[in-house]
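Whatever order the structure lists them in is the order used to number ligands and atoms, beginning at 1. All residue numbers refer to positions in the sequence shown, counting from 1.
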Amino acid sequence: MVEILVLYYSRSGRTEALANSVAKGAESIDGVTVKLKRVDYATVDDLMSCDAVALGSPNYFSYMAGIMKDFFDKALNIREKVAGKPCVAFTSGGGSSDEALRSLERMISSFRLEKVADGIVSQGEPSEKKLIACKRLGETLAKKCMKELSSNRLDAE
Ligand SMILES: Cc1cc2nc3c(=O)[nH]c(=O)nc-3n(C[C@H](O)[C@H](O)[C@H](O)COP(=O)(O)O)c2cc1C
């Protein structure tokens, strides 16, 4: 069994709707369990213990929400321990700017997480198309994680 953490922030529910779709996609893959956590209820241990992570944030002033940034500031000490975990990102904004996504992707690279698919930028209320894209993103992350797990097992034999 692998565990995927869907770590997000949302104030008015849009990013949460995207996060729910990512979670739905990930848990549709056999052998995967999903931990869906709003970042203010998450701890650094959640990041340590998961096998892969999906990060979601609203766009606040062309950056991720401050509370997401704060989570990673507090996780600095475990940076080496989470390196290499498969990761994807998604954002919700009033406009179509991808700057919040890029800020999440800079964090992915600072923590040396492994970006396994292009991120998603949703504008305004999430459309059906974006929700489906998020579900696929979750599936892709889960499949990649399962594949890495089985190749690690083969290496260990
Ligand atoms: C403090 C604040 C700053 C924001 N800054 C931006 C911004 O720079 N660009 C943008 O497109 N939307 C901006 N927005 C709009 C939110 O990103 C947008 O409404 C988002 O969909 C909210 O997501 P949520 O429903 O998950 O909270 C801002 C909203 C707030 C509250």
Side-chain angles (χ1 to χ4, degrees), residues 2-29 32-79 82-145:
V2 304
E3 183 186 275
I4 293 187
L5 175 65
V6 181
L7 183 67
Y8 72 97
Y9 183 64
S10 185
R11 193 182 293 178
S12 53
R14 292 172 175 170
T15 317
E16 187 165 62
L18 302 175
N20 285 335
S21 288
V22 172
K24 214 182 281 175
E27 69 199 3
S28 72
I29 304 302
V32 171
T33 59
V34 171
K35 199 191 257 187
L36 179 66
K37 280 221 166 172
R38 210 175 81 177
V39 69
D40 38 350
Y41 296 102
T43 66
V44 163
D45 280 347
D46 291 315
L47 185 58
M48 276 272 284
S49 62
C50 71
D51 297 293
V53 58
L55 301 172
S57 176
N59 179 339
Y60 281 1
F61 307 117
S62 302
Y63 201 77
M64 73 183 83
I67 197 166
M68 287 296 287
K69 169 69 162 46
D70 188 55
F71 179 89
F72 284 102
D73 292 350
K74 288 178 183 148
L76 180 68
N77 291 345
I78 61 148
R79 205 161 60 137
V82 301
K85 292 190 190 209
C87 185
V88 293
F90 54 96
T91 61
S92 167
S96 62
S97 157
D98 68 350
E99 292 193 273
L101 179 68
R102 284 200 273 125
S103 72
L104 284 177
E105 289 183 342
R106 280 198 299 279
M107 203 56 86
I108 289 171
S109 105
S110 293
F111 276 73
R112 291 196 288 121
L113 297 164
E114 185 201 357
K115 178 183 146 182
V116 299
D118 288 339
I120 288 170
V121 175
S122 168
Q123 179 180 3
E125 286 304 322
S127 63
E128 200 51 39
K129 202 172 154 191
K130 290 292 176 181
L131 292 173
I132 290 169
C134 282
K135 188 164 179 274
R136 296 227 171 94
L137 193 67
E139 286 167 6
T140 302
L141 179 64
K143 283 180 188 162
K144 176 75 182 170
C145 191

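- Protein residues lining ligand 1, listed by chain and number: S10, R11, S12, G13, R14, T15, P58, N59, Y60, F61, S62, S92, G93, G94, G95 [non-hydrogen atoms, distance under 4.0 Å].
- In this structure, K85 contributes its side chain and C50 its backbone to a donor-acceptor pair below 3.5 Å.
- Between E105 and K115 there is a salt bridge, with a side-chain nitrogen of the basic residue lying less than 4.0 Å from a carboxylate oxygen of the acidic one.
- Applying the salt bridge (charged side-chain N to carboxylate O under 4.0 Å, His left out) definition to pairs two or more places apart or across chains, those involving residues 45-69 are K35-D46, K37-D46, K69-D73.
- Rounding to the nearest 0.5 Å places CE of M68 at 10.5 Å from CG of D40.
- Evaluation of the salt bridge (charged side-chain N to carboxylate O under 4.0 Å, His left out) test over residues 120-131, restricted to residues two or more places apart or in two chains, returns R14-E125.
- For residues 43-62, there are no ring-ring contact (aromatic ring centres under 6.0 Å, His included) pairs, not counting sequence neighbours.
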